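Following: one structure in structure tokens, then a few remarks.
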Amino acid sequence: MDRISDGTVVSTRVRLARNLEGYPFPSHLKGEKQAKEIIRLVSSALSRLDEFRLVYMDSISGEEAVCLMENHLISPNLINNKRYSAALINREENVSVMINEEDHLREQCIVKGLDLRLAYDTMSEIDNRIAGSMKFAFDEQLGFLTACPTNLGTGLRASVMLFLPALTINGFIPKVIRSISRLGLTVRGVYGEGSEADGYKYQISNEVTLGVSEEEILASVEEVVDKVCELEQTERRNLKQGKDALDIQDECLRAYGVVTNCAKISTREFVNLTAKVKLGACLGYINIPDVSAIDDLVLKLSPSNITAAAQKSLTAVERDVYRAQYSAKAFKKMTNQP
């Protein structure tokens with residue numbers, strides 16, 4: 001079964017860590033002059049490749065910065081270093097180059113579903129364009145030099161976001177994490193290291209970047225993701241056939257009832273309930289042909305995206321009301337209800 005249509009794979013991300021030769025790592029830059037010089041050099045290198053917009057972190061509001069983070073275009077670290085940092089974001093908002101985060105460059109591409117090769121090829125083109133204009137810090141034995149030793153070598157982090165409700169409900173996630181760790185990969189939450197696995201979503205990514213090639217990294221992540229997807233499908237069948245099947249169905253349908261009929265709903269409750277609705281759709285209890293639309297909706301109804309859509313400051317309650325109203329219409333449209 002296709003991993004997009006069955007709802008297991010949410011998205012794929014490829015990230016490259018790079019530093020420029022002749023400059024200290026971002027944590028040791030000598031003031032704003034050096035930082036802005038790096039931003040100017042990288043921006044100039046990409047000016048003719050795509051329609052990138054340059055965003056200085058110290059020139060946007062906190063709300064705008066959080067919005068970019070919720071859309072996975074920048075990291076919390078970039079926001080924390082806003083005095084010296086910036087981001088280049090392409091028109092489609094699936095590619096971003098973070099400047100002066102932990103490394104001088106964190107280049108990343110995010111695509112829907114499982115397509116590590118497309119994401120990597122996209123980033124390679126951008127990486128080559130930058131490399132054609134400036135020299136990266138590189139060592140013949142250690143590969144690309146990075147601020148954190150765990151990124152030495154290729155500097156490549158390939159990750160896939162998975163929706164794993166059945167493995168979670170049936171208690172297999174700890175075992176899966178242990179098995180994945182033994183293969184040199186790691187499991188994180190929605191926003192990367194240190195974040196939680198909200199809505200049954202987990203990131204699987206490589207941990208080893210030194211002593212392996214880019215192709216070996218992509219192949220190992222693909223292989224593990226495919227096996228985890230197979231395990232998830234097995235456990236979904238077990239959920240439908242198990243003694244608690246009626247309870248699971250009831251939970252999913254009740255969740256759908258709430259998100260289509262409530263007067264207000266918080267972010268956390270919305271994430272948890274939509275995860276149950278998505279599970280219900282995957283198990284055939286709720287007729288939503290395109291389950292990936294649920295992931296898009298969760299992102300669209302994050303706090304900062306709601307504020308951006310409203311184009312004005314909203315209170316928490318106003319956002320919760322907006323979320324409830326929009327959710328009801330969106331889910332009814334997904335299920336072709338009037």
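What you see is a predicted model; the values in this text were computed from it and never measured. Index from 1, following the sequence.
- For Glu216, the salt bridge (Lys or Arg N to Asp or Glu O under 4.0 Å) test picks out no residue, with sequence neighbours left out.
- Residues that satisfy the salt bridge (Lys or Arg N to Asp or Glu O under 4.0 Å) test with Glu215, not counting sequence neighbours, are Arg117.
- Applying the salt bridge (Lys or Arg N to Asp or Glu O under 4.0 Å) rule to Asp250 yields the partners Arg254; only residues at least two apart in sequence or on another chain are considered.
- In this structure, Leu118 belongs to a hydrophobic cluster whose other members, linked by side-chain heavy atoms under 4.5 Å apart, are Val111.
- Residues forming a side chain to side chain contact (heavy atoms under 4.5 Å, CB included) with Ser59 (at least two apart in sequence, or on another chain): Tyr56.
- Not counting sequence neighbours, the partners of Lys36 by the salt bridge (Lys or Arg N to Asp or Glu O under 4.0 Å) test are Glu32.
- Glu235 and Asn170 share a side-chain donor-acceptor pair at under 3.5 Å.
- For Leu41, the side chain to side chain contact (heavy atoms under 4.5 Å, CB included) test picks out Tyr23, Glu37, Met134, with sequence neighbours left out.
- For the pair Glu125 and Arg129, the salt-bridge criterion is not met [side-chain N within less than 4.0 Å of a carboxylate O].
- Residues passing the side chain to side chain contact (heavy atoms under 4.5 Å, CB included) test with Ile110, sequence neighbours excluded: Ser11, Arg13, His72, Gln108.
- The side chain to side chain contact (heavy atoms under 4.5 Å, CB included) search around Gln249 returns Leu246, Leu253, Tyr285, not counting sequence neighbours.
- The pair Glu269-Lys264 does not meet the salt-bridge criterion, since no charged nitrogen lies less than 4.0 angstrom from a carboxylate oxygen.
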Side chains of residues 147-163: which donor-acceptor pairs under 3.5 Å do they make with residues two or more places apart or in other chains?
residue: Asn151; atom: OD1; partner: Arg15; partner atom: NH2; Å: 3.1
residue: Asn151; atom: OD1; partner: Arg157; partner atom: NH2; Å: 2.6
residue: Thr154; atom: OG1; partner: Leu156; partner atom: N; Å: 3.1
residue: Thr154; atom: OG1; partner: Thr209; partner atom: O; Å: 3.4
residue: Arg157; atom: NH1; partner: Asn206; partner atom: O; Å: 2.6
residue: Arg157; atom: NH1; partner: Glu207; partner atom: O; Å: 3.4
residue: Ser159; atom: OG; partner: Gln203; partner atom: OE1; Å: 3.4

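- Listed by first and then second residue, the salt bridge (charged side-chain N to carboxylate O under 4.0 Å, His left out) pairs involving residues 296-308 are Lys112-Asp296 (not counting sequence neighbours).
- Other members of the cluster containing Phe25 do not exist, because no ILVMFWY side chain is joined to it at under 4.5 Å.
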